[in-house]
Asker: 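Submitted below is the structure of interest, expressed as structure tokens.
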Amino acid sequence: MGSALLGNRLRLVVKVLGSLAAEEAGRFARDRRRSRRGADGEDDAGEGDDGARRARAVRHALENLGPFYVKLGQILSTRPDMVPASMIAELQNLHDQVDVQPFAVFEPVLREQLGPDWKRRFDDVDTESPLGAASLAQVYRVTLPGGRPAVVKVQRPGIRDAVRADMALMRKASRIVARAAPRFNEVIDMEAMLGSIFDAMEPELDFTGEARNMDEAREHIRRYPTLAVPRVIHATPKVLVQSLAPGSSVRHLDRGRFSDRERTDIGKDLLRFMYRGYFVDRMFHADPHAGNVFALPGGPATLIDWGMIGRLDRRTSLQLLPLLMALAQNDGHGLAWAWADVGRVTPWSNLPAFAADMAALVPKVATASLEDINFGVSLTTVLEKATKRGIGSAPAISLLGKSFANLEGSVRCLAPDIGLADVFKAEARGIVMALLREYFSLDQAARNTMDFLSFAVSAPEQLRGLLSDAANRQFALQLHEPHTPAGMGGQRPWTPSRGLMALGAAALLFDRRRPHH
């Protein structure tokens, strides 16, 4: 990536944001003139309209800046702690649909990636009507030798370098924010949050990564009979050939063509698959919106577009699991503890107030179905309250929030009467059993043994140091638990080692309460 490209992207960002600022300054000047004329009533009446116009202007600016800023805007639409409520709804309308470009723009990419005889790979290519046109790629229907239908996804020329230049600019901007607003950065670690988004977007810039994601997801999805992942036929960094997903997206689902049982089974399997991805497989689809779920009566639903995925390390996934468990158990204080445990507590945190916030929110959510409540909004409400109370949230929460909100929308299209907490309760036992098997595996046993040996070797030296300090009257015992704050009342929640046992007991309890057929 050259400095010239970085400079060009910077100039574009300055130009677009400058136009936005100029428009806002002009609106402010007009409001001042109205106010001097005594048109107070007009100002009040137009305040809501101004907010809507401002939100639309921001959305258009992000769309004009390209795919990276669109993705960033989509993430921000789940962060009411970072953008005002008037902006949330508009940012949720962000899309990366762009004008369809002629096939001639993409043919050089096919020639570069597949060779000069690339046409021999297909019996037919529908170059007139692309199946999709996004800011990163365009998708065409093709027919493989032998008559099998498939699709070819072709990356837009130059888009990879442009996105990486945008990422470099945002990294620099996040460091400036950290220096200029350390208190804000303590609660919202911009650089860490952006890092999780960059990692998730990387396969969208290299289709071989997306192909690997699909192969991995296909192995995980086998346990769910109503779901499928497209098969990879060929992949290069800029071209991906895959099997065609049958049916149409659930966004345009004709419910009359599906039985109630069929829609419910697909919706529940989709939730089960994603729950297991969050906590067991630790690899999840970060963009499972309704346009990425295709369904056909009588056949499995297909989850497409594996370019943006999230990955969690073992510790983070274990810390996140109590969040949903507390929600399923209608435990607001437990949810507050778990959120603080996975995030971080700042010197100005107000944990009792956050616990009270959660105690008021959780009962409204725990027993509701998708017809009654928007769980995605509820999750962002938790995030907003945590930030307001000075509790920093884990960087992974942004991507998880986006994934969960999109998942909820897809399930609502299929079967809005499904209760997300109920499905989680039913799935909890299998998740915990999988974690227990992992915990007592040979690999984990070897790690525990090494930890014990390391402690055994270092303990005598540490003990001598403590005795020396005590002899010099400098002995001080400090217990520092940054993720387990005090002062919230009630019992301290479990740590990951004890939590696994607690979750196991809870899961078995839920399993006993379920009717067995």
Asker: If you define the side chain from C-beta out and look only at heavy atoms, does anything of Leu335 sit under 4.5 Å from Leu361?
Answerer: no

Asker: Would you name the heavy atoms of Ala340 and Leu351 that are closest together and state the gap between them?
Answerer: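 That would be CB-CD2, 4.3 Å.
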
Asker: Sequence neighbours left out, what passes side-chain hydrogen bond (donor to acceptor under 3.5 Å, both in side chains) with Arg272? Give chain and number order.
Answerer: Asp269

Asker: Do the side chain of Arg255 and the main chain of Cys413 share a donor and acceptor less than 3.5 angstrom apart?
Answerer: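 Confirmed, Arg255 side chain pairs with Cys413 backbone.
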
Asker: Evaluate Leu320 against Leu400 for side-chain contact (heavy atoms from CB on, under 4.5 Å), listing each step before the verdict.
Answerer: CA-CA 10 Å; Leu320 288 169; Leu400 278 165; 3.2 Å; yes

Asker: As an exercise, state the distance from CG of Asp166 to CG of Asp161, rounded to the nearest 0.5 Å.
Answerer: 11.0 Å

Asker: Judged by atom type as modelled, is there a donor-acceptor pair below 3.5 Å linking the side chain of His285 to the main-chain atoms of Asp305?
Answerer: yes

Asker: Tell me whether Glu210 contacts the main-chain N or O of Trp306 through its side chain, where contact means a donor paired with an acceptor under 3.5 Å.
Answerer: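 It does hold such a pair.
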
Asker: Measure across Met283 and Ile309 and return the closest heavy-atom pair with its distance rounded to 0.1 Å.
Answerer: CG-CD1, 4.1 Å

Asker: To the nearest 0.5 Å, what is the distance between CG on Asp422 and CD on Glu427?
Answerer: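 Rounded to the nearest 0.5 Å, the CG-CD separation comes to 13.0 Å.
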
Asker: Can you name the residues that form a side-chain hydrogen bond (donor to acceptor under 3.5 Å, both in side chains) with Ser349, not counting sequence neighbours?
Answerer: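 Scan of Ser349 (side-chain hydrogen bond (donor to acceptor under 3.5 Å, both in side chains), adjacent residues dropped) gives Thr346.
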
Asker: Roughly how far, to the nearest 0.5 Å, is the CG atom of Leu205 from the CZ atom of Phe207?
Answerer: 8.5 Å

Asker: Would you please name every residue forming a side-chain contact (heavy atoms from CB on, under 4.5 Å) with Arg212, sequence neighbours left out?
Answerer: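 If we apply the side-chain contact (heavy atoms from CB on, under 4.5 Å) test to Arg212, skipping adjacent residues, the hits are Thr208.
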
Asker: Hey, does the side chain of Ser410 reach the backbone of Ala290 with a donor-acceptor pair shorter than 3.5 angstrom?
Answerer: yes

Asker: Can any side-chain N or O of Gln155 pair as donor or acceptor with the backbone N or O of Leu136 at less than 3.5 Å?
Answerer: no

Asker: Run the side-chain hydrogen bond (donor to acceptor under 3.5 Å, both in side chains) test against Arg175 and tell me which residues pass, sequence neighbours left out.
Answerer: Glu191

Asker: Would you compute the distance between atom CD1 of Ile266 and atom OG1 of Thr226 and round it to the nearest 0.5 angstrom?
Answerer: 5.5 Å

Asker: CD1/Ile221 to CE/Met274 distance, rounded to the nearest 0.5 angstrom?
Answerer: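 Those atoms lie 9.5 Å apart.
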
Asker: Might you point out which heavy atoms bring Leu399 and Gly310 nearest each other, and give the distance in Å?
Answerer: CD2-CA, 3.8 Å

Asker: Looking at residues at least two apart in the chain, or sitting in another chain, which of them share a ring-ring contact (aromatic ring centres under 6.0 Å, His included) with Tyr278?
Answerer: Phe284

Asker: Please report the interatomic distance CD(Glu204) to CD1(Ile159), rounded to the nearest 0.5 Å.
Answerer: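 Rounded to the nearest 0.5 Å, the CD-CD1 separation comes out at 11.0 Å.
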
Asker: Taking side-chain contact (heavy atoms from CB on, under 4.5 Å) as the definition, give me every residue that meets it alongside Asn406, ordered by chain and number, with sequence neighbours left out.
Answerer: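 For Asn406, the residues satisfying side-chain contact (heavy atoms from CB on, under 4.5 Å) (neighbours in sequence not counted) are Asp287, Pro288, His289, Lys402.
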
Asker: Is Ile418 close to Val423 at the side-chain level, that is, under 4.5 Å between some pair of heavy atoms?
Answerer: yes

Asker: Which residues pass the side-chain contact (heavy atoms from CB on, under 4.5 Å) test with Ala353, sequence neighbours left out?
Answerer: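 Result, side-chain contact (heavy atoms from CB on, under 4.5 Å) vs Ala353: Asn350, Arg389.
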
Asker: Can you find a heavy atom in the side chain of Leu303 that is under 4.5 Å from one in the side chain of Phe273?
Answerer: yes

Asker: Do you know the tightest heavy-atom contact between Met358 and Gly332?
Answerer: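 Minimum heavy-atom separation between Met358 and Gly332: CB-O, 3.2 Å.
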
Asker: Can you list the residues that meet the side-chain contact (heavy atoms from CB on, under 4.5 Å) rule with Arg282, with sequence neighbours excluded?
Answerer: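 Partners of Arg282 by the side-chain contact (heavy atoms from CB on, under 4.5 Å) criterion, ordered by chain and then number, come out as Leu312, Arg314, Ser317, Leu435, Glu438.
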
Asker: If you look at every heavy atom in Arg156 and Ala133, which pair is closest and at what distance?
Answerer: NH2-CB, 4.2 Å

Asker: Going by side-chain hydrogen bond (donor to acceptor under 3.5 Å, both in side chains), name the residues that satisfy it together with Asp331, two or more places apart in sequence or in a different chain.
Answerer: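 So Asp331 forms no side-chain hydrogen bond (donor to acceptor under 3.5 Å, both in side chains) with any residue.
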
Asker: If you define the side chain from C-beta out and look only at heavy atoms, does anything of Phe354 sit under 4.5 Å from Val382?
Answerer: yes

Asker: Test of understanding: with salt bridge (Lys or Arg N to Asp or Glu O under 4.0 Å), list the residues that count as partners of Arg160, not counting sequence neighbours.
Answerer: none

Asker: Does Asp313 have any salt bridge (Lys or Arg N to Asp or Glu O under 4.0 Å) partners at least two apart in sequence or in another chain, and if so, which?
Answerer: none

Asker: Any carboxylate oxygen within less than 4.0 angstrom of a Lys/Arg side-chain nitrogen, looking at Asp265 and Lys268?
Answerer: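 Salt bridge between Asp265 and Lys268, a charged N being under 4.0 Å from a carboxylate O: no.
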
Asker: Not counting sequence neighbours, which residues clear ring-ring contact (aromatic ring centres under 6.0 Å, His included) with Tyr275? List them please.
Answerer: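 Applying ring-ring contact (aromatic ring centres under 6.0 Å, His included) to Tyr275 gives Phe424.
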
Asker: What's the shortest heavy-atom distance between Ser174 and Leu194, and which atoms?
Answerer: CB-CD1, 3.8 Å

Asker: Any heavy-atom pair between the side chains of Val362 and His333 that's under 4.5 Å?
Answerer: no

